[in-house]
Amino acid sequence: MTKYIITGGRPLNGEISISGAKNAALAIIPAALLVSGRCRIENIPQIKDVTIQLQILQHMGADVRMVDSHTMDIDCTGISSPIADFDEMRQIRASYYHIGTLLGRFGEAVVAMPGGCDFGGVRPIDQHVKGFHAMGADVEVRNGVVYAKAATGRMHGAYVNLDVVSVGATMNIMLAAVLAEGITVIENAAREPHIVDLANFLNSMGADVRGAGTNVIKIRGVKKLTGGTYAIIPDQIEAGTYMTAVAAAGGSVLVKNVIPRHLNCISSKLEEMGVDIINMEDSVLVRRRGALHRANVKTMPYPGFPTDMQPQIATVLCLAQGTSIITEGVWDSRYKYVSELLRMGANVQVNGRIAVIEGVKRLTGAAIKSWDLRAGAAMVIAGLCAEGVTEVEGVNYIERGYENLVEKLRSVGADIESVYVPDPEGVEEEEAV
Ligand code: EPZ
């Protein structure tokens with residue numbers, strides 16, 4: 001297995017460039033299935049989940065060609081079957097976007113239920129099903145496979161009022177609606193930057209999606225999407241992760257290739273904690289010299305504080321003077337990682353969706369594990385600011401969502417290395433789920 005070995009206590013100084021947004025790429029790549037002809041997609045992050053998403057399209061019959069390390073040409077003309085029931089589909093949650101794309105293109109979908117990070121709660125798809133049903137599809141789940149079919153052979157427009165603000169349901173319904181007959185309105189839609197990015201991709205291919213980024217999205221079905229070229233936006237959560245790393249370790253880092261307004265929810269919280277944030281056109285300067293102040297955090301759908309930044313900000317608050325309270329407002333529970341912070345000397349008490357953090361003077365290095373993608377990133381941040389050496393296991397989770405994390409951190413002075421350790425008794429490395 002591969003571990004990260006981190007010697008903490010060194011401030012971070014220099015520049016880090018942010019890659020394309022994982023959660024935009026994981027929806028835009030499947031969306032190519034709706035396009036007649038070749039799509040060129042640029043600024044694709046080189047991460048495992050994206051590789052799996054591309055493999056899924058290839059398995060279905062798409063022609064996928066690498067133009068350069070971050071640009072792919074995808075032509076899905078050759079896909080003729082609505083069936084996507086194979087192993088890769090179970091390895092990532094975002095494979096479920098093919099329910100929407102296949103329904104949109106063929107009026108039918110047979111898709112293996114997705115996998116996805118297990119942070120301790122269920123990850124339902126009832127809101128996705130609600131939308132597909134409203135648009136004329138019969139949907140049932142049997143033996144871990146979703147069977148969906150439009151009664152008339154083609155999806156039709158519908159008014160869908162989501163019971164829960166759901167990123168996945170918003171994007172999946174959008175995918176099913178762009179080639180449907182008529183107009184679809186999604187009320188209580190998610191407003192994340194990656195929702196807007198998917199809408200912009202679809203519109204650049206000839207779709208008619210309006211209102212993305214607000215809580216009401218209107219999609220007018222068109223007959224056909226033609227090919228084109230599209231560049232994915234920078235990753236809000238990757239940028240936020242490095243911003244919190246500087247907050248924890250101290251120093252001054254220019255985080256480049258970002259859209260600063262996407263980071264406002266993170267920047268304002270860090271400023272409240274005593275971190276200096278200077279916004280520029282496509283970068284933010286993050287500097288922490290003095291003591292960290294306590295703060296309360298409530299994770300919410302965008303433009304609130306992102307749930308995918310919760311483990312990272314919690315780790316920083318472990319070193320802030322005073323008592324901080326975190327309320328997880330999106331997932332039932334997302335605190336499995338706290339057990340690892342306690343091993344490092346943190347003082348955190350969890351009760352359901354609430355974590356109460358008493359700041360401590362220091363964390364001490366330990367052997368810790370990554371429970372999921374963002375928790376793993378938080379463990380790296382803990383190691384960067386701890387005294388002594390920290391060994392982080394489960395880095396396969398981290399590498400699902402962060403391109404070149406070790407290299408990026410080393411470039412700003414972190415003492416971190418990736419070390420391969422033969423598995424004891426040949427225990428297989430945990431599958432990325
Ligand atoms: C996306 O997951 C992201 N994953 C998650 O990021 C992120 O945590 C989440 O959005 C919230 O921002 C990808 O984009 C691949 P949701 P998704 O549907 O779409 C409930 C990461 O680290 N819900 O917005 O699965 C659900 O239980 C990952 O990059 C229903 O009840 O999240 C949750 O409480 C981890 N019914 C809330 O809505 C549904 O049908 C938000 O879920 C769907 C969701």
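One-based numbering, in listed order, for ligands and for the atoms of each.
Remark: Arg334 does not engage Glu328 in a salt bridge, criterion side-chain N to carboxylate O under 4.0 Å. One finds no salt bridge joining Arg410 and Glu407 here, because no Lys/Arg side-chain nitrogen approaches an Asp/Glu carboxylate oxygen to under 4.0 Å. Salt-bridge annotation for Arg65 and Asp73: absent, with no side-chain N of the basic residue lying under 4.0 Å from a carboxylate O of the acidic one. The existence of a salt bridge linking Asp332 and Arg353 is confirmed by a sub-4.0 Å separation between a basic side-chain nitrogen and an acidic carboxylate oxygen.
Residue Val164 has no N or O atom closer than 3.5 Å to an N or O atom of ligand 1. Between Tyr97 and ligand 1, no N or O atom pair is found at a separation short of 3.5 Å. Residue contacts with ligand 1: Glu192 is placed with no nitrogen or oxygen under 3.5 Å of a nitrogen or oxygen of the ligand (distance criterion only). At least one N or O atom of Val330, backbone or side chain, sits closer than 3.5 Å to an N or O atom of ligand 1. Considering backbone and side-chain N/O of Thr307, none are found under 3.5 Å from N/O of ligand 1.
Distances below 4.0 Å separate heavy atoms of Tyr96 from the following atoms of ligand 1: 17 (P), 19 (O), 25 (O). Within ligand 1, the atoms closer than 4.0 Å to a non-hydrogen atom of Arg93 are 17 (P), 25 (O), numbered from 1 in the order shown. Using a 4.0 Å cut-off to heavy atoms of Arg374, the atoms of ligand 1 that qualify are 21 (C), 22 (O), 29 (O). Every atom of ligand 1 is numbered from 1 in the order shown, and the set under 4.0 Å from a heavy atom of Gly168 is 18 (O), 19 (O). Near Gln127, meaning under 4.0 Å from one of its heavy atoms, ligand 1 places the atoms 36 (N), 39 (C), 40 (O). Interface atoms of ligand 1 facing Val167, defined by a heavy-atom separation under 4.0 Å, are 10 (O), 12 (O), 16 (P), 18 (O), 19 (O), 24 (O).
Contacts between His128 and ligand 1, counted as non-hydrogen atom pairs separated by less than 4.0 Å, involve both the backbone and the side chain. For Ile237, no heavy-atom contact with ligand 1 is shorter than 4.0 Å. Residue-level proximity to ligand 1 for Asp308 is carried by the side chain, the only part with a heavy atom below 4.0 angstrom. Under 4.0 angstrom from ligand 1, the non-hydrogen atoms of Leu373 all belong to its side chain. Residue Lys22 touches ligand 1 through its side chain alone, judged by heavy-atom distances below 4.0 Å.
Residues satisfying the salt bridge (Lys or Arg N to Asp or Glu O under 4.0 Å) criterion with Arg294, sequence neighbours excluded, are absent altogether.
Within the structure, the closest approach of Arg334 to ligand 1 falls below 4.0 Å when heavy atoms are considered. Residue contacts with ligand 1 do not include Ala190, since none of its heavy atoms lies under 4.0 Å from the ligand. Not a single heavy atom of Tyr397 sits closer than 4.0 Å to an atom of ligand 1.
Considering Asn172, Val165, Asn188, Asp163 as possible partners of Gln127, the one that fulfils the side-chain contact (heavy atoms from CB on, under 4.5 Å) test is Asp163. Of the residues Thr241, Thr299, Leu263, the one that meets the side-chain contact (heavy atoms from CB on, under 4.5 Å) test with Met309 is Thr241.
Between the Thr2 side chain and the Val419 main chain, no donor and acceptor come within less than 3.5 Å of each other.
A donor and an acceptor atom, one from each side chain of Tyr159 and Glu187, are located under 3.5 Å apart. Residues Asn43 and His70 bring no donor and acceptor atom of their side chains to less than 3.5 Å of each other.
In this structure, Arg40 is not positioned above the aromatic face of Tyr230 in the sense of NZ or CZ being under 6.0 Å from the six-membered ring centre and within 45° of the axis.
For atom 43 (C) of ligand 1, the nearest non-hydrogen atom from the set Ala25, Ala375, Pro124, Gly376 belongs to Pro124.
Taking the six-membered ring where the residue is Trp, Phe86 and His59 present parallel rings, their angle staying beneath 30° rather than reaching 60°.
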